[in-house]
Asker: 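Take this structure, written in structure tokens, and hold onto it; I'll ask about it next.
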Amino acid sequence: MSETAIRVEGLSKRYRIGQREPYRALRDVLARGLTAPFRATASVFRRAQSNGNGTRDENYIWALKDVSFEVKRGEVVGIIGRNGAGKSTLLKILSRITEPTEGYAEIRGRVGSLLEVGTGFHPELTGRENIYLNGAILGMKKHEIDRKFDEIVEFAEIEKFIDTPVKYYSSGMYVRLAFAVAAHLEPEILLVDEVLAVGDAAFQKKCLGKMGDVAKEGRTVLFVSHNMSAITKLCSETIWLDHAVIKQKGKACDVIHAYLSQEVTEEPIAEFRPKPEKDAFISKIEILDHNMKPNTSHLVDTPFYVRIRYTVNKPITKYRVGFRIRLPDGFDVLVSSSSDAEGELWSSNPGFHCTLVRVPEMLLSPGRYFLTVFIGQPGIKTIDRYENILAFQILGRAKGYSEPEHGIIATPLKWHLRNAAGEN
């Protein structure tokens with residue numbers, strides 16, 4: 001058997017601006033699933049004809065352009081890049097949701113995918129029926145699905161609602177069941193997009209743990225994520241997509257370091273264009289020193305501030321504003337949001353808004369960090385987000401340190417010398 005699970009050669013996808021992909025009915029999906037045993041082991045998307053003048057036509061846009069790579073069996077490969085880089089388009093092609101304009105992809109093995117909330121589910125069917133439907137689409141026998149059924153329901157934590165049509169599910173229930181189905185029905189290749197961002201923190205941790213188990217079982221995983229820490233932990237190799245092309249591929253730590261270093265603004269202020277199509281959008285992000293002046297360098301024993309200005313286009317409820325501070329290797333050092341202290345989410349009417357948060361002194365050790373800022377409704381959607389948009393430095397070392405060695409946290413701890421009896 002070939003050691004290659006996925007081979008992509010010269011893959012390109014062109015969209016006509018304003019044109020939608022053709023709709024596929026449930027019967028079409030079922031037909032493809034039921035004929036799966038009669039198709040070749042390798043699912044191949046052959047080269048499509050393209051208009052030689054298409055690249056010069058302003059009515060077209062390339063979502064992917066001449067992308068080539070291979071993934072060996074048992075590899076866990078991360079795919080990173082800014083929004084609009086082509087990550088989701090690539091997974092849609094590999095999942096046979098859409099076809100390429102040029103090039104081809106060979107997928108050798110049974111594919112399970114989790115691309116967006118509800119992908120592959122029929123809203124009129126119950127959770128139970130959708131589990132069996134998805135299993136049938138994967139080419140599984142009923143007894144195989146029966147064997148995994150209880151495990152899927154337990155993982156998704158929806159036992160009371162398993163016989164309820166999924167159209168009545170919340171987005172959180174939807175994504176829990178979707179992930180449980182994709183991960184437990186034993187696909188040889190698992191494709192996962194950033195849909196995990198919809199779930200709460202406990203669920204995300206649970207899903208990442210399951211993906212780690214899948215990887216240890218020797219199955220192949222393609223994982224699209226903005227969570228650099230998760231990519232570092234799960235993936236041995238990473239592909240960086242930028243403006244529809246592969247900018248770099250290689251070891252996860254090397255690619256992530258290059259991505260974070262090159263994609264960041266070396267200024268204390270970032271401003272953005274209005275986004276009238278969104279419920280709300282971030283308009284300006286600032287890193288301020290203890291004197292409230294824009295600055296990218298801060299002493300370890302002084303506080304600094306993050307100020308986020310945003311515009312609400314229409315009334316929104318149950319939302320929060322937050323940020324992530326990351327190391328160059330993608331590890332999240334600090335994640336904070338407006339709901340941390342009081343546990344309450346905000347509601348706002350249309351207009352301009354501003355929030356300011358103080359990052360205390362003696363918290364971060366000296367080094368270089370990256371800032372990600374977001375607005376979102378937990379368990380529902382991310383409204384606006386900018387990944388690794390600003391970089392800043394923490395300088396000096398904490399008072400009382402006799403050596404320059406330190407961890408991520410700079411807070412000095414008090415030590416007391418006691419004798420063997422525990423006395424001072």
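In this text, all values refer to a predicted model and were calculated from it rather than measured experimentally.
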Asker: Any chance you could lay out the salt bridge (charged side-chain N to carboxylate O under 4.0 Å, His left out) test for R110 and E188, step after step, and finish with the verdict?
Answerer: CA-CA 5 Å; R110 190 161 60 192; E188 294 162 302; 5.2 Å; no
Asker: Please name the pair of heavy atoms, one in P350 and one in K314, separated by the smallest distance, quoted to 0.1 Å.
Answerer: CG-CA, 3.8 Å
Asker: Please round to the nearest 0.5 Å and tell me the distance separating atom CG of L364 and atom OH of Y369.
Answerer: 4.5 Å
Asker: Would you find a donor on one side and an acceptor on the other, under 3.5 Å apart, between the side chain of K249 and the backbone of E237?
Answerer: no
Asker: Is K284 atom NZ crowded by more than 12 heavy atoms from other residues, nucleotides or ligands, each under 6.0 Å away?
Answerer: yes
Asker: Rounded to the nearest 0.5 Å, how far does CZ of R14 lie from CD of E102?
Answerer: 8.0 Å
Asker: Determine the interplanar angle of the Y319 and W346 rings, folded into 0 to 90°, and report it as parallel if under 30°, tilted if 30 to 60°, perpendicular if over 60°.
Answerer: perpendicular
Asker: Please confirm whether the backbone N or O of L345 pairs with a side-chain atom of S339, one donor and one acceptor, at under 3.5 Å?
Answerer: no
Asker: Looking only at side-chain N and O atoms, does N291 offer a donor or acceptor that is under 3.5 Å from a partner on Y305?
Answerer: no
Asker: Determine the minimum heavy-atom distance between A85 and L241, stating which atoms define it.
Answerer: CB-O, 3.3 Å
Asker: Is there a side chain to side chain contact (heavy atoms under 4.5 Å, CB included) between I162 and F149 once you walk through the steps?
Answerer: CA-CA 11 Å; I162 193 63; F149 184 85; 4.0 Å; yes
Asker: Going from CD on E271 to OG on S283, what distance comes out if it is rounded to the nearest 0.5 angstrom?
Answerer: 8.0 Å
Asker: Of the non-hydrogen atoms in L94 and A105, which two are nearest, and what is the gap between them?
Answerer: CD2-CB, 3.7 Å
Asker: Kindly check if the number of other-residue, nucleotide or ligand heavy atoms within 6.0 Å of CD (Q393) is above 12?
Answerer: yes
Asker: Is the centre of the F272 ring less than 6.0 Å from the centre of the Y386 ring?
Answerer: yes
Asker: For salt bridge (charged side-chain N to carboxylate O under 4.0 Å, His left out), just list the numbers for R326 and E387, CA-CA rounded to whole Å, side-chain angles, deciding distance to a tenth of an Å, and then say yes or no.
Answerer: CA-CA 10 Å; R326 288 175 174 157; E387 288 284 330; 2.7 Å; yes
Asker: Quick one: which of R273, R309, K275 gives a salt bridge (charged side-chain N to carboxylate O under 4.0 Å, His left out) with D384?
Answerer: K275
Asker: Within the structure provided, determine whether I80 and I256 are in side-chain contact (heavy-atom separation under 4.5 Å).
Answerer: yes
Asker: Using a 3.5 Å distance criterion without hydrogens, assess whether the side chain of T311 forms a donor-acceptor pair with backbone atoms of F281.
Answerer: no
Asker: Could you tell me the separation between the CG atom of D193 and the NZ atom of K87, rounded to the nearest 0.5 Å?
Answerer: 7.5 Å
Asker: Below 4.5 Å, heavy atoms only, C-beta onward: do H122 and E129 meet side chain to side chain?
Answerer: no
Asker: Tell me if the centroids of the rings in F304 and F392 come within less than 6.0 Å of each other.
Answerer: yes
Asker: Does E154 have more than 12 heavy atoms from other residues, nucleotides or ligands lying within 6.0 Å of its CD?
Answerer: no
Asker: Would you indicate whether the side-chain heavy atoms of V306 and L390 approach each other to under 4.5 Å?
Answerer: no
Asker: Using every non-hydrogen atom in the two residues, find where F121 and Y174 come nearest and quote the distance to one decimal.
Answerer: CD2-CE2, 3.3 Å
Asker: So, taking the atom named CD in E75 and the one named CD1 in I189, what distance separates them when rounded to the nearest 0.5 Å?
Answerer: 11.5 Å
Asker: Begin with the C-alpha distance, continue with both residues' side-chain angles, and end with the deciding distance and a verdict on side chain to side chain contact (heavy atoms under 4.5 Å, CB included) for L177 and I152.
Answerer: CA-CA 8 Å; L177 181 59; I152 291 171; 4.2 Å; yes
Asker: Using 0.5 Å steps for rounding, measure from the OG atom of S365 to the CD1 atom of I408.
Answerer: 8.0 Å
Asker: Would a distance-only check, ignoring hydrogens and angles, find a side-chain to backbone donor-acceptor pair under 3.5 Å from T296 to E267?
Answerer: no
Asker: At their closest point, which heavy atom of A63 faces which heavy atom of T89, and how far apart are they?
Answerer: CB-OG1, 3.7 Å
Asker: Could you check whether the rings of Y310 and H353 sit parallel, tilted or perpendicular, using 30° and 60° as the cut-offs?
Answerer: parallel
Asker: Check P100 against G103 and note the closest heavy-atom contact, atom names and distance.
Answerer: CG-O, 3.9 Å
Asker: Hey, is the main chain of Q248 close enough, under 3.5 Å, to the side chain of Y259 for a donor-acceptor pair?
Answerer: no
